[in-house]
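A short write-up of the structure that comes next.
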Amino acid sequence: MSSLIDDERPIFVQIAERIEDDIIEGRLPEESPVPSKNQFASFYQINPATAAKGVNLLVDEGILYKKRGIGMFVAAGARALLLAKRKEKFYEQYVVTMIREAEKLGMTTDQLIEMIRRGEGTR
């Protein structure tokens with residue numbers, strides 16, 4: 001686990017996003033156990049209630065589920081669900097904004113596509 005560094009967003013949201021990242025990147029496969037709220041609280045030096053709030057966000061979204069008496073687990077299909085969610089967020093935050101700015105600059109679709117292709121070599 002890495003440290004929480006973003007003071008702009010609530011800690012519980014950051015906890016949920018760290019779990020999401022671990023699922024997307026394969027560190028937490030489907031049906032695998034998730035660290036407990038107390039483990040998160042200890043590692044990040046936060047209140048267990050804050051950690052629980054982050055975990056519960058993902059339970060509410062169907063990403064995690066609880067096995068009574070055992071703990072939280074990654075739900076089947078969680079990775080696909082998260083990828084779809086993140087792609088939609090990416091579209092809304094970046095693509096729509098980019099297209100609007102390109103329109104303001106009088107750019108054609110072909111010019112925009114060419115700029116994107118030029119950027120592919122920077123990865």
Side-chain angles (χ1 to χ4, degrees):
M1 284 189 250
S2 58
S3 64
L4 299 172
I5 55 169
D6 187 350
D7 293 333
E8 300 287 316
R9 295 172 306 124
I11 292 172
F12 73 93
V13 171
Q14 294 179 59
I15 292 285
E17 288 175 352
R18 294 293 163 102
I19 296 169
E20 287 180 349
D21 288 345
D22 286 346
I23 293 168
I24 288 170
E25 294 169 12
R27 290 187 293 268
L28 281 175
E30 294 177 1
E31 301 301 334
S32 69
V34 176
S36 72
K37 67 180 179 193
N38 290 330
Q39 288 172 309
F40 281 118
S42 174
F43 185 83
Y44 292 116
Q45 309 232 335
I46 59 173
N47 186 312
T50 301
K53 194 171 178 183
V55 169
N56 288 336
L57 275 178
L58 299 178
V59 170
D60 292 345
E61 293 178 15
I63 303 300
L64 302 178
Y65 69 95
K66 183 175 185 171
K67 284 187 181 178
R68 193 168 202 94
I70 299 176
M72 292 292 183
F73 288 78
V74 179
R79 186 172 187 277
L81 193 62
L82 287 170
L83 286 172
K85 174 183 154 183
R86 292 272 181 102
K87 285 176 184 178
E88 184 59 29
K89 184 177 178 181
F90 179 84
Y91 172 77
E92 291 169 5
Q93 286 185 335
Y94 299 103
V95 176
V96 170
T97 302
M98 178 180 60
I99 291 169
R100 286 186 183 139
E101 186 64 19
E103 287 171 349
K104 284 185 213 172
L105 298 172
M107 293 174 64
T108 66
T109 302
D110 288 340
Q111 290 171 321
L112 185 56
I113 290 169
E114 181 55 35
M115 286 183 107
I116 293 168
R117 287 195 174 120
R118 240 179 34 211
E120 286 178 342
T122 62
R123 300 186 256 174

| More than 12 heavy atoms of other groups within 6.0 Å of Gln45 CD | no
| message | Over 60° means perpendicular and under 30° means parallel, so tell me whether Tyr44 and Phe40 are parallel, tilted or perpendicular. | response | parallel
| task | Side-chain contact test, heavy atoms from C-beta onward, threshold under 4.5 Å: evaluate it for Arg86 versus Asp21 and give yes or no. | result | yes
| Would a hydrophobic clustering, with Ile, Leu, Val, Met, Phe, Trp and Tyr connected at side-chain separations under 4.5 Å, put Leu57 with Phe73? | no
| If you group Ile, Leu, Val, Met, Phe, Trp and Tyr by side-chain heavy-atom gaps below 4.5 Å, do Ile99 and Phe90 land in one group? | yes
| Side-chain donor or acceptor of Glu20 paired with backbone N/O of Leu82 under 3.5 Å | no
| Shortest non-hydrogen contact between Ala51 and Ala41, atoms and distance | CB-N, 4.2 Å
| query | Can you name the closest pair of heavy atoms from Val74 and Leu64 and give their distance? | reply | CA-CD2, 3.9 Å
| task | Report yes if the side chains of Met72 and Leu58 come closer than 4.5 Å at any heavy-atom pair, otherwise no. | result | no
| task | Compare all side-chain heavy atoms of Val34 with those of Asp22 and state whether any distance is below 4.5 angstrom. | result | no
| field | Check: Gln93 main-chain N/O paired with Thr97 side-chain donor or acceptor under 3.5 Å | value | yes
| task | Decide yes or no for Met115 and Met98: does some side-chain heavy atom of the first lie under 4.5 Å from some side-chain heavy atom of the second? | result | no
| Is the shortest side-chain N to carboxylate O distance from Arg117 to Glu114 below 4.0 Å? | no
